[in-house]
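These notes are about the structure you will find just below.
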Amino acid sequence: MNRLLYLLSLAAIGVGVHYETRAVAPAVVRQQLQPVAGDAAARGRLLYQSYGCGVCHGAEAKGGFANPNSETEGKVPGLTMVKEGYLERELVQKILDGAPRIGKADAKGQTPPYRMPGWKDRMTRAEATDLARYLISLYPKKAAEDKWR
Ligand code: HEC
């Protein structure tokens, strides 16, 4: 009996190995597929890191860095909720154009040190679109569900 189980498991492993070797594409093919692989939001996440958006907006766009006297609660805003205020193309435009001036909480107070830079000269529209997709994807599932309750 034990011997039979042993033989069966050997056979199963054999099938597994065979399946594995057939399923995996040769390395050369995999490399060529890489640029297409991954969706826009995943590419956007990488762009968010490489353009250093997180320096101001925080890791995973959670925000919170101090921007004294800005009307956005004295902080650089987080970006996880932008889906509520922007259509995708509006977000793309915002990223490309930036915001030339930033609103003050107290009109007589200091100018907040940080404003949103425009990225037009430094990134393509396709990249800004991937970034917008990424930001939209950060919208908490919970918030979306609560809205429709
Ligand atoms: C130098 C700091 C800084 C950097 C770097 C920066 N931002 Fe911003 N960003 C800001 C500030 C400050 C605001 C708020 C502007 C305002 O309220 O007028 C803002 C606003 C935004 C908004 C609008 C948010 C809203 O709720 O209206 C988006 C979208 C955005 N940034 C995306 C990005 C992306 C994407 C990158 C990277 C490519 C980036 N930012 C890099 C400072 C920065």
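Remember, it's 1-based here, ligands and their atoms both numbered in the order they're listed.
- At least one heavy atom of Tyr86 sits closer than 4.0 Å to an atom of ligand 1.
- In the candidate list Leu96, Leu131, Leu79, Val82, Leu79 is nearest to atom 22 (C) of ligand 1, counting heavy atoms.
- Of all the N, O or S atoms in His57, the one closest to atom 8 (Fe) of ligand 1 is NE2.
- Near Tyr114, meaning under 4.0 Å from one of its heavy atoms, ligand 1 places the atoms 12 (C).
- Judged by distance alone, with hydrogens and angles left aside, the side-chain atoms of Tyr114 form no donor-acceptor pair with the main-chain N or O of Ile102 at under 3.5 Å.
- Numbered from 1 in the order shown, with element, the atoms of ligand 1 that lie under 4.0 Å from a heavy atom of Asn67 read 12 (C).
- Between the side chain of Lys83 and the backbone N or O of Leu135 there is no donor-acceptor pair closer than 3.5 Å.
- Arg115 O, 3.6 Å is the protein heavy atom nearest to atom 42 (C) of ligand 1.
- Between Lys94 and Glu90 there is no salt bridge, since no side-chain N of the basic residue sits under 4.0 Å from a carboxylate O of the acidic one.
- Considering Lys75, Met116, Glu90 only, the shortest heavy-atom separation from atom 11 (C) of ligand 1 involves Met116.
- With Asn69 contributing its side chain and Gln110 its backbone, the two residues share a donor-acceptor pair below 3.5 Å.
- A donor-acceptor contact shorter than 3.5 Å links the side chain of His57 to the backbone of Pro77.
- In the vicinity of Thr72, heavy-atom distances shorter than 4.0 Å reach the ligand 1 atoms 17 (O).
- Side chain of Asp39 to main chain of Ala42: a donor-acceptor pair is present (N/O by atom type, distance under 3.5 Å, no hydrogens or angles).
- Per-residue contacts place Met123 under 4.0 angstrom from the following atoms of ligand 1 (heavy atoms of the residue considered): 38 (C).
- The distance from ligand 1 to the heavy atoms of Lys94 drops below 4.0 Å at these ligand atoms: 23 (C).
- Using a distance-only test at 3.5 Å, with no hydrogens or angles considered, no donor-acceptor pair links the side chain of Arg115 to the main chain of Arg101.
- Under the 4.5 Å side-chain criterion, counting only non-hydrogen atoms from C-beta, Leu131 is in contact with Met123.
- The single protein non-hydrogen atom nearest to atom 41 (C) of ligand 1 is Trp119 CZ2, 3.5 Å, given as residue, atom name and distance.
- Taking each of Gly98, Pro77, Ala128 in turn, the one with a heavy atom nearest to atom 14 (C) of ligand 1 proves to be Pro77.
- Listed by number with element, the atoms of ligand 1 under 4.0 Å from a non-hydrogen atom of Cys56 are 1 (C), 2 (C), 3 (C), 4 (C), 5 (C), 42 (C), 43 (C).
- When non-hydrogen atoms are compared, ligand 1 lies under 4.0 Å from the side chain of Leu91 (C-beta onward) but not from its backbone.
- Only the side chain of Pro117 comes within contact range of ligand 1, with a heavy atom under 4.0 Å; no backbone atom does.
- Looking only at heavy atoms of the protein, atom 38 (C) of ligand 1 is closest to Cys53 SG, 2.7 Å.
- Taking a cutoff of 4.0 Å between a charged side-chain nitrogen and a carboxylate oxygen, Lys104 and Glu71 do not qualify as a salt bridge.
- A donor atom on one side chain and an acceptor atom on the other are not found under 3.5 Å apart for Gln93 and Tyr86.
- Side chains of Glu60 and Tyr48: no donor on one and acceptor on the other come within 3.5 Å.
- Within the 4.0 Å heavy-atom shell around ligand 1 one does not find Gly103.
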